[in-house]
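As structure tokens, the structure follows; a few thoughts come after it.
All values below were derived from every heavy atom in this structure, side-chain atoms included, with hydrogens, water molecules and symmetry-related copies excluded. Throughout, a chain's letter reflects where its sequence line sits, starting with A, and its residues are numbered from 1.
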Amino acid sequence: MTGQQPSQTGRDVGMHEAARREKLSKLEALGVDPWGGRFDDHQAIDKIRQREAEIVTSPPLADDPRQQPQQTGPRVRAAGRVVLQRKKGKLIFLDLQDWSGRIQVMIGQNQVGQQNWEVALLFDLGDMIGVDGELKRTRTGELTIFAEQLHFLTKSILPPPEKHHGLTDPELRQRMRYLDLVHSDGAMERFLKRTKIVQSIRRTLDAEGYVEIEGPTLHTIAGGAAARPFATHHNALNMPLFMRIALELHLKRLLVGGVERVYELGRVYRNEGISPRHNPEFTMLEVYQAYGNYETMMDLTERIILDAIAATGQPQQLSWGDATIDFTPPFARKTYDELFAEHTGIEPDDHAAICRLAEQIGFDTSAKHPDVVKNEVFEEKVEDALSGPLFVLDYPASICPLTKRARGRPEIAERFELFIQGMEVANAYTELNDPDLQEQLFRTQLEGQKEEDSMAKMDDDFIRALRHGMPPAGGLGVGIDRLVMLLTNMSSIREVILFPLLRPESEH
RNA sequence: GAGGCUGUAGCUCAGUCGGUAGAGCAACGGACUUUUAAUCCGUAGGUCCAGGGUUCGAGUCCCUGCAGCCUCACCA
């Protein structure tokens with residue numbers, strides 16, 4: 001940016017900003033507030049477009065020299081941003097955009113009067129204006145508001161992106177999401193679709209009698225998942241605190257408290273790497289139902305997803321990149337061991353063969369619990385290949401410290417994960433409610449697992465709650481951002497999070 | 001954390017073999033009352049991401065750093 005004129009704050013401004021600030025002064029000289037104010041009773045542009053049918057066309061008057069058909073249309077009022085502008089002598093055509101759509105506005109010097117015209121000459125791309133006028137069609141058939149009165153609502157003193165290409169640099173689109181929303185095709189729709197999905201999930205759960213609660217986000221023990229937490233500190237209590245990594249343990253305390261159907265849909269924080277599928281903060285749904293089990297949760301998961309698809313107005317077959325995902329229920333269900341054998345050709349209980357394969361892949365198998373090795377192989381060989389939607393059932397119990405064991409099969413945990421396009425979208429258990437077993441599992445770290453890598457973190461307060469009696473229950477977790485990715489055909493989580501974490505902008 | 005790619009005008013992008021920094025849009029001045037990525041005439045606009053090195057000479061080659069994207073790792 002080249003310094004040409006200092007702004008009021010002393011900052012150097014470029015030629016674009018200088019030109020816009022000059023127009024701002026001219027607006028003030030005309031008695032127009034460049035920052036606008038309340039503007040009532042405008043209609044959404046997509047609603048205005050729907051009124052096209054109200055336009056009445058009659059034959060041209062005989063003495064009309066240009067033989068134009070006579071049109072009478074409804075009077076409309078719109079507000080939005082000027083995104084394209086064509087100044088043509090004593091006519092100005094501009095495209096006005098609000099969050100529902102775009103419409104052309106025509107301003108004629110002789111039609112709007114001198115004051116309006118002088119204001120209109122000061123319009124820049126990006127300015128926000130209000131328009132009163134008649135909805136008609138131009139000679140070329142374009143639906144247009146023929147302006148009668150203009151209202152200046154806000155000056156934009158920085159230039160918008162290039163009008164045809166918009167912003168393409170993903171860094172700029174994420175840093176300046178406001179510009180992305182205005183100028184990138186599909187950006188606004190995508191984030192509004194995310195809102196619809198989240199609304200739909202709440203509606204589905206509310207309708208089935210689940211109550212939404214708000215648990216603490218500051219935890220003294222960051223439990224309920226295997227992840228490193230963000231550490232923080234409370235000054236007055238002089239106490240270390242952690243941002244929550246899961247919602248689980250407080251929701252289960254509420255099961256103890258008699259809240260029989262409960263959920264939380266909110267943000268969790270994990271101090272881990274960033275990737276197209278991982279953001280340090282992300283949105284998680286967890287649902288618990290007293291007297292249910294993981295099969296109850298499987299059915300619920302299907303209903304939540306199918307309702308969300310319907311809420312976005314999409315069919316049950318969705319394209320995702322080059323692939324098509326078929327959400328027609330019921331989703332396939334296969335056991336962990338079944339899939340393990342299918343994809344590795346090794347019997348799930350042949351530990352020696354599993355270790356050989358693990359070492360072939362390059363895993364260190366020494367001093368590791370057999371199920372940890374097996375699961376590493378599973379994640380490597382099976383998970384990425386699961387196009388889904390597929391429920392993977394019945395995990396090795398030893399890697400599931402918060403899950404109830406299958407009746408008569410203590411080596412199996414009643415757990416499922418839902419895989420779609422290689423992504424883990426949901427994870428559910430029949431919840432472990434035996435306080436003694438839970439305490440023992442918290443105490444016993446599996447060999448080869450660092451404490452921070454384990455879901456088993458001792459939480460005495462939680463154990464005490466279990467001793468008071470937690471009903472047998474089903475519990476479900478859903479990664480909302482990933483679900484939104486799948487339902488909006490986005491391959492990066494950063495495209496479904498409004499403001500993903502970025503490093504600070506460099507000075508250079 | 002590792003590897004690959006990218007970084008040039010407000011935006012989108014060219015820039016050949018190392019030899020004076022380019023275009024389109026946007027901006028500024030002018031023409032134009034049915035345009036629509038308006039058109040036409042003219043003008044202005046640069047810390048080539050930052051720092052170092054090689055060279056007579058670096059946007060271009062080399063090194064270091066910063067940021068983003070992709071792949072991998074961790075993880076959901």
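Side chains of A:Lys163 and A:Val83 form no contact here, defined as non-hydrogen atoms less than 4.5 Å apart.
When heavy atoms are screened at a 4.0 angstrom cut-off, A:Gln104 is found touching base atoms of the nucleic acid. Nucleic acid contact class of A:Asp481 (heavy atoms, under 4.0 Å, all strands): none. A:Ile274 comes within 4.0 angstrom of a nucleotide base, judged by non-hydrogen atoms across all strands. As judged by a 4.0 angstrom heavy-atom cut-off over every strand, A:Arg482 is placed among the base-contacting residues. Within 4.0 Å of A:Arg494, counting heavy atoms only, lie sugar-phosphate atoms of the nucleic acid but no base atom. Counting non-hydrogen atoms under 4.0 angstrom, A:Asn271 reaches nothing in the nucleic acid. Among the atoms of the strands shown, only primed sugar atoms or phosphate atoms (P, OP1, OP2) are found under 4.0 Å from some heavy atom of A:Leu167. Using a 4.0 Å heavy-atom cutoff across all strands shown, A:Gly273 reaches at least one base atom of the nucleic acid.
B:C62 and B:C72 are spaced 28 Å apart, taking the C1' atom of each and rounding to whole Å. Spacing of C1' atoms, B:C11 relative to B:G7, comes out at 15 Å, to the nearest Å. Across B:U71 and B:U8, the matching P atoms stand 23 Å from one another, rounded to whole Å. For B:C32 and B:G15, the C1' atoms lie 36 Å apart once the distance is rounded to whole Å. A gap of 14 Å separates the C1' atoms of B:U16 and B:G22, to the nearest Å. When the C1' atom is used for both B:G19 and B:C61, the distance is 15 Å, rounded to whole Å. Annotation: B:A9 and B:A50 have their P atoms spaced 10 Å apart (nearest Å).
Nearest to the side-chain atoms of A:Pro170 among the listed nucleotides B:C69, B:C25, B:U35 stands B:C69. Of all nucleotides listed (B:A37, B:C32, B:C70), B:A37 comes nearest to the side chain of A:Lys163. Listed candidates were B:U34, B:A38, B:G24. Nearest to the side chain of A:Phe146 is B:U34. Comparing B:C69, B:C74, B:C11 by their closest approach to the side chain of A:Arg228 singles out B:C74. For A:Glu162, taking side-chain heavy atoms from C-beta onward, the closest of the listed nucleotides B:A44, B:A76, B:C11 is B:C11. Across B:U12, B:G68, B:A44, the shortest atom-to-atom separation from the side chain of A:His165 is found for B:U12. Taking every side-chain heavy atom of A:Pro276 into account, B:C70 is the closest of B:C70, B:U34, B:C69. In this structure, the nucleotide among B:G45, B:A37, B:G68 sitting nearest to the side chain of A:Arg503 is B:G68. With B:A26, B:C74, B:U12 as the candidates, the nucleotide lying closest to the side chain of A:Glu272 is B:C74. The side chain of A:Arg175 approaches B:A67 more closely than any other nucleotide in the set B:C25, B:A67, B:U34.
Distances shorter than 4.0 Å separate some side-chain N or O of A:Thr168 from OP1 or OP2 on B:C13. Side-chain N/O atoms of A:Lys87 include none lying less than 4.0 angstrom from OP1 or OP2 on B:G30. OP1 or OP2 of B:U35 has not a single side-chain nitrogen or oxygen of A:Thr138 nearer than 4.0 Å. Side-chain nitrogen and oxygen atoms of A:Arg86 include at least one within less than 4.0 Å of the OP1 or OP2 phosphate oxygen of B:A38. Distances shown here put a side-chain N or O of A:Lys23 below 4.0 Å from the OP1 or OP2 atom of B:C28. A sub-4.0 Å separation between OP1 or OP2 of B:C69 and a side-chain N or O of A:Gln174 is present. In this structure, A:Lys88 does not reach the B:U39 phosphate: none of its side-chain N or O atoms is under 4.0 Å from OP1 or OP2.
In this structure a side-chain-to-backbone donor-acceptor pair under 3.5 Å is missing from A:Arg277 to A:Arg482. Not a single donor-acceptor pair under 3.5 Å links the side chain of A:Glu281 to the backbone N or O of A:Arg267. Remark: the backbone N or O of A:Ile103 is not paired with any side-chain donor or acceptor of A:Asp95 at under 3.5 angstrom. Distance alone, capped at 3.5 Å, is enough to place a donor-acceptor pair between the A:Arg20 side chain and the A:Ser156 backbone.
Residue A:Ala19 is the one, among A:Asp95 and A:Ala19, whose nearest nucleotide of RNA chain B lies closer to the 5' end (criterion: closest heavy atom). Between A:Gly166 and A:Arg277, the residue anchored nearer the 5' end of RNA chain B, judged by the nucleotide with its closest heavy atom, is A:Gly166.
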- Item | Steps toward side chain to side chain donor-acceptor pair (under 3.5 Å) verdict (A:Arg86, A:Gln104) | CA-CA 10 Å; A:Arg86 297 172 288 282; A:Gln104 175 167 270; 2.7 Å; yes
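The aromatic ring of A:Phe93 does not stack onto the base of B:A38, failing the criterion of a centre distance under 5.5 Å from the six-membered base ring together with planes under 30° apart. Using a 5.5 Å limit on the distance between ring centres and a 30° limit on the angle between planes, the aromatic ring of A:His164 counts as stacked on the six-membered base ring of B:A37.
Side-chain contact annotation: A:Arg194 with A:Thr283, donor-acceptor N/O pair under 3.5 Å present. Between the side chains of A:Tyr395 and A:Asn375, no donor N or O sits under 3.5 Å from an acceptor N or O.
A:Leu84 has its CG atom 16 Å from the P atom of B:U35, to the nearest Å.
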